[in-house]
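Structure first, commentary second.
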Amino acid sequence: MQPFDFIQKLKPYLNKKILLGIVIVILLVLSFRLFSNNKPPAPTIPLVKTEAINSSNNHKSRSYSGEVKGRYESRLSFQASGKIIKRHVEPGSVVQTGDIIMELDPKDIQQSVNASSAIINSSKAQLSLAEKNLQRYQKLYEQQAISRIQLDNVQLQYEAALASFQQANAQYTQSGNMLNYTKIIADQTGVITSVQAEVSQVVQAGQPIVTLVQDKELEVEISVPENSILELQKSKSINVKLWALKENIIKGIIREVSPMADPITKTYNVRISLQNPPPNIRLGMTATVSVDQQANNAIILPLASIYQTSEQPHVWLIVDGKTKLQPITPGKIVGDKVEILSGVNNNDVVVTAGIHKLYNGQAVRLSAGD
């Protein structure tokens with residue numbers, strides 16, 4: 001039913017003034033509804049993500065998983081080629097200095113030693129004969145029975161025989177050494193961590209056969225991402241906790257940082273020396289290395305907070321709920337963070353996301369938790 005139809009029905013019962021008042025009220029209600037539907041929407045206040053500056057939060061602790069290893073690892077090999085006939089160790093075997101680890105078949109080398117020995121005997125006989133001839137010719141020369149040229153020829157024969165004997169003796173010594181090279185002998189006390197050859201396998205001289213780790217000085221190896229390596233080198237303290245020995249916390253010192261990142265993982269291998277390790281620590285144990293990074297008063301912000309449209313970089317500050325463009329002086333960049341040398345202070349609130357949609361003096365809303 002339309003409003004005016006309703007009025008027509010009431011017309012016989014109402015006088016003109018009351019009827020006019022009702023019509024005016026209905027028109028006012030309809031006008032209000034019409035204009036309220038066409039009212040323009042309220043402006044949208046942008047939502048931004050911010051971060052309150054607090055330089056005291058720069059003190060952080062990071063943890064890395066590592067493995068206990070020996071500082072000195074030797075990859076032992078034969079100094080001669082041949083076929084392996086004996087193996088005296090297994091992975092995990094403890095060896096002492098002088099223990100035989102593996103042996104090659106010495107038959108062919110033994111024949112070389114025998115041949116060298118025969119050559120020595122022959123050259124020794126020739127040298128003895130040349131020496132006796134020299135002595136006889138010297139007496140004949142003193143008696144003026146021979147010329148000087150004849151004595152010189154005999155002298156040269158003696159010197160040649162002496163050189164042949166010395167050469168044969170050197171070859172015999174070399175052959176004897178080659179016979180000793182058919183054995184791998186432990187040069188240090190330690191633990192065999194791996195074996196890369198088996199009995200009946202033919203190996204070449206210099207081919208790695210076993211790995212011997214000295215268990216006197218142990219350390220932990222960890223892998224550190226490239227964006228954390230600089231912070232690690234400035235670490236305040238390093239604590240090592242072993243998964244198998246949870247009650248022990250061992251102090252550590254960075255001994256070595258790999259000069260090149262791993263080509264696959266892009267991480268750097270870092271060796272941590274252990275100070276006063278417990279006696280029951282073993283090679284291969286899993287360790288957790290906790291690194292307390294050096295605390296400082298530097299202001300660190302995300303790179304995403306830097307707003308730069310010219311040579312001068314800026315950040316957006318939030319002051320009384322509105323944006324303020326603030327010039328800054330950036331410092332070194334580490335990963336996705338940048339050090340701010342000047343321009344901002346502690347307790348300033350900086351926009352860290354959505355910076356390219358703002359203008360100076362704009363009212364903004366802060367995301368939850370900012």
Is [Y] reachable from [X] through a run of I, L, V, M, F, W or Y residues, each pair having side-chain heavy atoms under 4.5 Å apart?
X      : Y      : answer
Leu283 : Ile101 : no
Ile318 : Leu325 : yes
Val191 : Ile184 : no
Leu245 : Ile272 : yes

Cationic N near anionic O, under 4.0 Å, Glu256 to Arg271
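The answer is no: the pair does not qualify as a salt bridge.
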Check this for me, if you would: do Arg148 and Asp152 make a salt bridge, where the nitrogen-to-carboxylate-oxygen distance has to be below 4.0 angstrom?
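Salt bridge: yes.
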Has [X] got more than 12 heavy atoms of other residues, nucleotides or ligands less than 6.0 Å from its [atom1]?
X      : atom1 : result
Asn280 : CG    : yes
Asp108 : CG    : no
Gln174 : CD    : no
Asn360 : CG    : yes

Can you list the residues that meet the salt bridge (Lys or Arg N to Asp or Glu O under 4.0 Å) rule with [X], with sequence neighbours excluded?
X      : result
Arg255 : Glu219
Lys69  : Glu221
Asp99  : none

Using every non-hydrogen atom in the two residues, find where Tyr181 and Phe78 come nearest and quote the distance to one decimal.
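Of all heavy-atom pairs spanning Tyr181 and Phe78, the closest is O-CD2, 3.7 Å.
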[X] versus [Y]: any side-chain heavy-atom pair under 4.5 Å?
X      : Y      : result
Val315 : Gln326 : yes
Leu104 : Ile85  : no
Val291 : Val289 : yes
Ile340 : Thr329 : no
Val68  : Leu242 : yes

Counting distance only, does the side-chain N/O of [X] pair as donor-acceptor with the main-chain N or O of [Y] below 3.5 Å?
X      : Y      : answer
Thr211 : Arg75  : no
Ser228 : Val224 : no
Gln143 : Leu140 : no
Asn121 : Ala118 : no

